[in-house]
10 protein chains.
Amino acid sequence: MNRTTLTEQIIETRIRKGITWADVARELGTGKEWVTTACLGQMTFSKDQAEKVVAIFDLPVEAVAVLQSPPTRGLDAAAVASDPVILRLREIVTVYGPTIKELIHEEFGDGIMSAIDFRLRLDRREDPKGDRVELVLSGKYLAYPTV
Amino acid sequence: MNRTTLTEQIIETRIRKGITWADVARELGTGKEWVTTACLGQMTFSKDQAEKVVAIFDLPVEAVAVLQSPPTRGLDAAAVASDPVILRLREIVTVYGPTIKELIHEEFGDGIMSAIDFRLRLDRREDPKGDRVELVLSGKYLAYPTV
Amino acid sequence: MNRTTLTEQIIETRIRKGITWADVARELGTGKEWVTTACLGQMTFSKDQAEKVVAIFDLPVEAVAVLQSPPTRGLDAAAVASDPVILRLREIVTVYGPTIKELIHEEFGDGIMSAIDFRLRLDRREDPKGDRVELVLSGKYLAYPTV
Amino acid sequence: MNRTTLTEQIIETRIRKGITWADVARELGTGKEWVTTACLGQMTFSKDQAEKVVAIFDLPVEAVAVLQSPPTRGLDAAAVASDPVILRLREIVTVYGPTIKELIHEEFGDGIMSAIDFRLRLDRREDPKGDRVELVLSGKYLAYPTV
Amino acid sequence: MNRTTLTEQIIETRIRKGITWADVARELGTGKEWVTTACLGQMTFSKDQAEKVVAIFDLPVEAVAVLQSPPTRGLDAAAVASDPVILRLREIVTVYGPTIKELIHEEFGDGIMSAIDFRLRLDRREDPKGDRVELVLSGKYLAYPTV
Amino acid sequence: MNRTTLTEQIIETRIRKGITWADVARELGTGKEWVTTACLGQMTFSKDQAEKVVAIFDLPVEAVAVLQSPPTRGLDAAAVASDPVILRLREIVTVYGPTIKELIHEEFGDGIMSAIDFRLRLDRREDPKGDRVELVLSGKYLAYPTV
Amino acid sequence: MNRTTLTEQIIETRIRKGITWADVARELGTGKEWVTTACLGQMTFSKDQAEKVVAIFDLPVEAVAVLQSPPTRGLDAAAVASDPVILRLREIVTVYGPTIKELIHEEFGDGIMSAIDFRLRLDRREDPKGDRVELVLSGKYLAYPTV
Amino acid sequence: MNRTTLTEQIIETRIRKGITWADVARELGTGKEWVTTACLGQMTFSKDQAEKVVAIFDLPVEAVAVLQSPPTRGLDAAAVASDPVILRLREIVTVYGPTIKELIHEEFGDGIMSAIDFRLRLDRREDPKGDRVELVLSGKYLAYPTV
Amino acid sequence: MNRTTLTEQIIETRIRKGITWADVARELGTGKEWVTTACLGQMTFSKDQAEKVVAIFDLPVEAVAVLQSPPTRGLDAAAVASDPVILRLREIVTVYGPTIKELIHEEFGDGIMSAIDFRLRLDRREDPKGDRVELVLSGKYLAYPTV
Amino acid sequence: MNRTTLTEQIIETRIRKGITWADVARELGTGKEWVTTACLGQMTFSKDQAEKVVAIFDLPVEAVAVLQSPPTRGLDAAAVASDPVILRLREIVTVYGPTIKELIHEEFGDGIMSAIDFRLRLDRREDPKGDRVELVLSGKYLAYPTV
């Protein structure tokens with residue numbers, strides 16, 4: 001039993017029992033974005049959170065310790081690398097990435113947007129020409145040293 | 001003279017003359033995100049826009065036709081693939097991509113966020129613990145066929 | 001049990017029982033192209049469709065929920081990447097892809113053919129010099145933003 | 001002067017002079033799909049066709065011989081590998097490729113659709129929900145040996 | 001049970017029982033090259049052939065259906081990609097491939113040698129300076145369209 | 001001036017002057033396969049051969065020394081890696097490679113077919129169902145050490 | 001003239017004129033590590049620093065603006081990817097990377113060492129068994145969000 | 001049972017039993033950096049060390065021999081290649097690697113820092129602006145031959 | 001049971017029973033280099049050798065046939081591709097490979113050193129500055145055809 | 001002018017003037033292996049050596065400084081990666097690499113053969129069955145730390 005096998009169990013149980021990510025977020029008192037990321041094996045749970053996750057997804061009790069240990073990130077993402085949802089995100093980085101680099105430098109100076117001190121929000125925006133997915137990415141600006 | 005050489009000239013002239021992307025946006029009456037993306041060779045200009053770009057960046061007059069022709073996208077992005085700003089964006093796709101996939105499916109059904117019918121906004125959010133880069137990505141939801 | 005293992009079972013059972021894709025399409029009342037794509041793990045079934053698939057291929061009853069959940073696309077395609085049928089399709093993209101790009105731009109403007117709002121049809125065309133495979137690919141035109 | 005440099009000249013001259021692919025097709029008396037593919041360096045011109053191409057695009061007279069020599073295919077396609085139009089075609093091969101393989105086998109037996117004895121057609125289909133790009137791919141069926 | 005597992009069983013049983021490929025060819029009344037290719041999972045057997053293969057290699061009776069179904073080609077070849085016999089064949093394609101391309105064009109025009117309508121023969125040629133492996137590759141010439 | 005630039009000049013001059021590979025072979029008194037391979041930069045010419053090649057293709061006199069120096073092989077082959085003629089040869093190695101390995105071992109023992117002590121022949125075989133390309137590959141058998 | 005060409009000029013001039021990196025650091029009043037990184041095209045100079053660099057390396061006056069603009073990082077590093085000094089650094093990441101990950105988590109919790117808010121120091125440590133290179137890498141600890 | 005499976009058991013047991021790497025270091029009387037590297041499968045234990053590791057992590061007694069045998073290094077590192085902690089280390093090699101190369105050459109001459117005769121130290125440095133991770137890498141200088 | 005699983009068993013049994021490669025060489029009456037290569041799955045054993053290997057490593061009796069069958073080479077080498085011992089060998093090919101090519105051509109003419117008719121010897125050379133590993137690689141010279 | 005352009009000039013001049021590597025070695029008083037490696041851009045010359053190289057190959061006088069500066073290694077090797085001489089060396093690493101690893105560990109313990117403190121010798125060994133290339137690789141043994 002390691003984090004990867006727990007993630008697989010969570011994914012399978014969620015579908016079988018018809019649990020929504022919003023349900024899990026409510027149960028743990030966190031945002032739906034964070035809790036989904038954590039359940040997919042990309043974040044560390046606190047003891048309290050881990051116990052609730054074990055209960056919701058019928059995991060073995062030893063999982064409480066594993067869910068509190070920092071995971072190896074990115075493994076499951078590799079498994080979805082050919083999925084069109086992910087391909088669109090990569091294409092956005094390809095087409096708009098240099099723009100984002102230019103505008104961060106113009107607004108802040110020589111530095112980056114952190115991917116660690118970072119929050120994601122996903123919302124539905126109604127639109128008469130077809131509803132839209134809106135992603136808000138917020139990361140701390142980090143500056144390069146100057147001497 | 002093709003789009004790639006024009007993009008290089010724009011980049012070099014902008015730095016040499018100290019033009020900001022905000023200046024260019026004001027001049028063309030568009031958002032700074034769109035105009036930067038277009039000047040980096042990823043969007044097609046209208047005739048009017050192309051003439052202004054030629055004037056701002058001292059491009060040869062034949063550039064007006066080239067700038068109105070749909071570009072081959074992604075070429076310049078490849079050139080910045082090793083830059084830490086871009087690497088952070090890719091990492092965000094790796095760590096949060098499966099989350100985005102799950103939440104789109106939970107909120108909308110089986111489909112994706114378009115990368116074509118798509119808008120980007122980049123803002124500075126002041127924060128006492130250090131200012132933050134905020135990216136808003138808005139793309140139309142597109143559903144898969146069901147029969 | 002996840003979507004990948006169900007796809008493997010469907011493939012093995014179909015051969016063993018001698019079921020044709022046309023049979024499955026008739027049973028579900030859909031096109032043969034869509035149903036084959038879905039059975040190969042690339043589309044989401046409705047509840048009614050999922051129950052019929054479970055019956056046809058002797059799948060366990062829990063499969064009904066899994067088949068209704070959006071799949072991770074492209075996984076099985078990777079497994080056939082060295083097959084000559086797939087290699088020919090890739091070669092067509094290599095040799096004719098830039099042509100398709102040029103003609104979409106000439107006919108519609110700066111945009112793409114959607115791969116989501118998309119339908120496939122495969123027919124046999126009789127020909128005295130040898131019958132031909134005819135593929136019809138129909139995708140919605142999506143335009144890039146212009147400001 | 002080789003085929004690659006001629007292709008670059010054709011692309012640049014076409015944009016500068018505002019020639020359409022449909023114009024070129026009319027001039028040469030061929031389909032717009034074949035002539036675009038050939039002008040992009042993927043097909044061999046006859047002597048008569050080569051002379052017309054040289055005239056249309058102001059190429060040097062030595063180009064007549066080069067345009068009649070079989071090209072090395074796929075080189076320019078590599079240059080557009082990151083373009084979203086091409087990425088969608090690749091995604092279609094990934095998601096629908098195994099389906100195409102299955103249905104060719106069901107309809108014809110163990111063989112493939114030729115990419116050489118092959119024709120492409122691209123049309124606009126009007127649609128109230130947004131016009132559609134329609135691609136028709138027609139390739140001869142080739143069977144594998146059976147003993 | 002799928003084609004891949006059957007191939008593994010055939011390979012292991014052949015070695016354990018000391019069967020030669022020539023034996024199998026004699027039994028099925030085919031060439032040794034075709035039957036070896038088919039037993040390695042790259043060709044489709046007829047019902048009669050499949051039944052003989054099942055008998056020779058002690059396969060389960062359900063294998064008769066699987067062996068008659070078109071395989072996914074190239075999978076096992078990937079497994080031997082680092083073997084020096086295969087490396088030499090690839091090197092021959094690298095060093096002599098452009099020669100073959102030139103001479104096909106000189107002899108036939110703009111087209112290719114088919115890899116589907118194709119036959120292989122392997123013979124031993126005695127030679128005082130050391131015996132030689134002789135491979136004869138025969139494929140139908142396929143021409144590109146000219147308008 | 002190095003071997004790569006000489007190869008490019010040979011290729012361009014041959015097309016421009018309408019020289020055939022058979023012409024060159026006759027002039028040098030070698031097989032058409034060897035001389036094409038050598039002119040494409042993959043073989044070393046003798047002094048006498050080099051002088052004839054320089055004369056045929058109008059090369060500078062210093063080329064005589066360069067053509068007699070062993071080349072770096074495979075460079076030009078890389079340039080044609082996406083060409084369908086080459087792709088078919090690679091596919092043949094993928095599909096029939098393991099067969100060739102098995103049959104060499106069955107006929108000769110544990111060893112390989114040399115790619116150095118190697119000869120190629122390409123012929124046209126007339127056939128009522130369409131003429132065929134016939135390649136004969138002959139390489140010395142080399143055995144692995146046994147203690 | 002862009003940052004890449006300036007970096008090449010700096011590298012060539014430094015060798016030709018026999019300037020040491022320690023000289024440059026003294027001149028600019030910065031650490032030798034930072035100034036070398038900046039001269040190799042990986043950091044942004046201030047106006048004052050840029051003017052000194054232009055003077056030291058005989059660069060054209062327009063270089064002052066280019067050197068103050070945030071660079072695309074990592075480009076030159078790619079050029080040295082096969083060098084043994086770099087290969088040893090990569091091997092250290094391979095062999096000791098998971099250790100570093102474990103010990104950061106044990107000492108700090110779930111987070112990373114920043115590569116932006118980061119300083120490098122390189123010293124010589126005398127040692128009777130052979131002098132040693134000592135690298136000190138200091139990066140700010142950044143924690144992942146916990147809800 | 002091989003080294004890879006032992007490493008997996010160590011990782012799982014450590015989390016389940018709440019053992020710290022500092023605990024293991026104390027028990028074996030070594031540095032925490034070396035012992036973590038060794039437990040992750042990258043170093044060879046002495047007999048005495050191996051017996052203690054077997055006791056601490058409840059490994060089978062046959063593990064004592066395996067842990068004393070030189071491992072195949074880098075295997076587990078591959079498994080964490082997508083983790084942000086490792087990505088930052090790689091980025092540091094990309095951005096600062098050429099600097100390290102230059103400064104080794106300036107200080108020592110033409111040679112490298114050994115990755116074998118090498119020691120790692122990881123410490124926490126308190127800092128009012130946020131604590132810092134400090135890595136000290138010490139490797140013997142090795143010179144290239146000069147004649 | 002195939003050659004790969006036998007190799008794994010040999011590796012594990014050797015460590016568990018404390019057998020040295022020198023022991024195995026003595027038992028079989030071969031060089032330690034050949035026998036190690038063969039036990040690692042890269043050479044074919046004779047019947048007599050295979051029976052001894054089965055006895056030494058407690059392999060099942062069916063292994064005698066498998067060990068006499070030519071293996072697929074290079075598979076296990078792939079598994080050690082990240083190991084520093086192997087990385088140094090690759091680096092030597094990178095840094096000294098072109099030298100070896102030049103000197104073979106200068107000494108012998110246009111040809112190669114065979115990797116099949118090839119012998120390896122590994123010895124320890126005592127040296128006051130630290131003992132040295134000495135590898136002797138001996139391969140037959142093979143010449144390219146000249147007409 | 002940088003090291004790469006000097007290497008190209010050396011290679012072209014050597015062929016044009018008919019200089020042998022043995023000549024260069026004699027002139028500089030070094031081994032032919034070292035001097036060839038250095039002339040191919042992989043070693044640093046002393047002042048005295050550099051001046052002789054400049055004289056032999058008619059290089060510009062500024063080359064004296066460049067040839068004394070440590071090079072970026074491996075660049076030219078990449079250019080010959082497809083050459084059969086190099087391919088054989090790589091294959092030897094693939095087939096015999098794990099053997100070398102095992103025997104170094106058996107003879108010396110857990111460590112490697114250095115690729116820096118390393119010497120190469122290439123000799124011709126006469127043999128009635130065909131002369132042989134003999135390579136002697138000698139590298140210092142380096143041990144891993146044990147606590």
Side-chain angles (χ1 to χ4, degrees), chain H residues 3 24-38 41-50 52 67-74 97-98 100-121 137-147, chain J residues 3 24-38 41-50 52 67-74 97-98 100-121 137-147:
Chain H
R3 189 68 188 264
V24 187
R26 225 171 354 251
E27 204 81 42
L28 270 76
T30 68
K32 68 183 185 305
E33 293 84 359
W34 186 88
V35 92
T36 306
T37 309
Q42 308 292 319
M43 293 289 161
T44 305
F45 289 101
S46 68
K47 183 151 186 298
D48 180 56
Q49 292 168 336
K52 284 178 179 158
L67 294 172
Q68 293 178 70
S69 180
T72 298
R73 289 177 168 86
I100 293 170
K101 178 174 163 63
E102 287 289 332
L103 294 178
I104 288 176
H105 294 334
E106 183 153 314
E107 178 63 36
F108 294 86
D110 187 7
I112 67 155
M113 177 180 77
S114 179
I116 309 297
D117 187 338
F118 173 86
R119 306 292 305 187
L120 168 74
R121 218 180 58 228
L137 282 58
S138 164
K140 192 180 177 185
Y141 171 71
L142 302 176
Y144 268 102
T146 55
V147 285
Chain J
R3 189 69 189 264
V24 187
R26 228 177 346 258
E27 205 81 40
L28 271 75
T30 67
K32 68 181 183 308
E33 292 85 359
W34 187 87
V35 93
T36 306
T37 308
Q42 307 292 318
M43 292 289 161
T44 305
F45 288 102
S46 68
K47 182 149 188 299
D48 180 57
Q49 292 167 336
K52 285 180 178 156
L67 294 171
Q68 294 178 69
S69 179
T72 297
R73 290 177 169 88
I100 293 169
K101 178 174 163 63
E102 287 289 332
L103 294 178
I104 287 176
H105 295 332
E106 183 153 315
E107 179 61 36
F108 293 85
D110 187 6
I112 68 154
M113 177 179 78
S114 178
I116 308 297
D117 187 337
F118 173 86
R119 307 291 305 188
L120 168 74
R121 218 181 59 230
L137 283 59
S138 166
K140 191 180 179 186
Y141 171 71
L142 302 176
Y144 269 101
T146 55
V147 283

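Predicted model, so just to flag it, every value in this text is computed and none were measured. Residue numbers start from 1 in every chain, and the chains themselves are labelled A, B, ... in the order their sequence lines are given, proteins ahead of strands. Every heavy atom of this structure was used, including side-chain atoms; hydrogens, water molecules and symmetry mates were not.
Proximity to chain J (any heavy atom under 4.5 Å) is shown, for H:Glu33, by neither the backbone nor the side chain. For chain H, no part of J:Ser69 is nearby; none of its heavy atoms comes within less than 4.5 Å. Only the backbone of J:Phe118 comes within less than 4.5 Å of a heavy atom in chain H; its side chain stays farther off. Looking at J:Thr44, the atoms closer than 4.5 Å to chain H (heavy atoms on both sides) sit in the backbone and in the side chain alike.
Close approach to chain H, defined as a heavy atom under 4.5 Å from one of its heavy atoms, is seen in J:Lys101, J:His105, J:Asp110, J:Ile112, J:Ser114, J:Ala115 of residues 101-115 of chain J, taken by number. For residues 137-147 of chain H, the interface with chain J (any heavy-atom pair closer than 4.5 Å) comprises H:Lys140, H:Leu142, H:Ala143, H:Tyr144, H:Pro145, H:Thr146, H:Val147, sorted by residue number.
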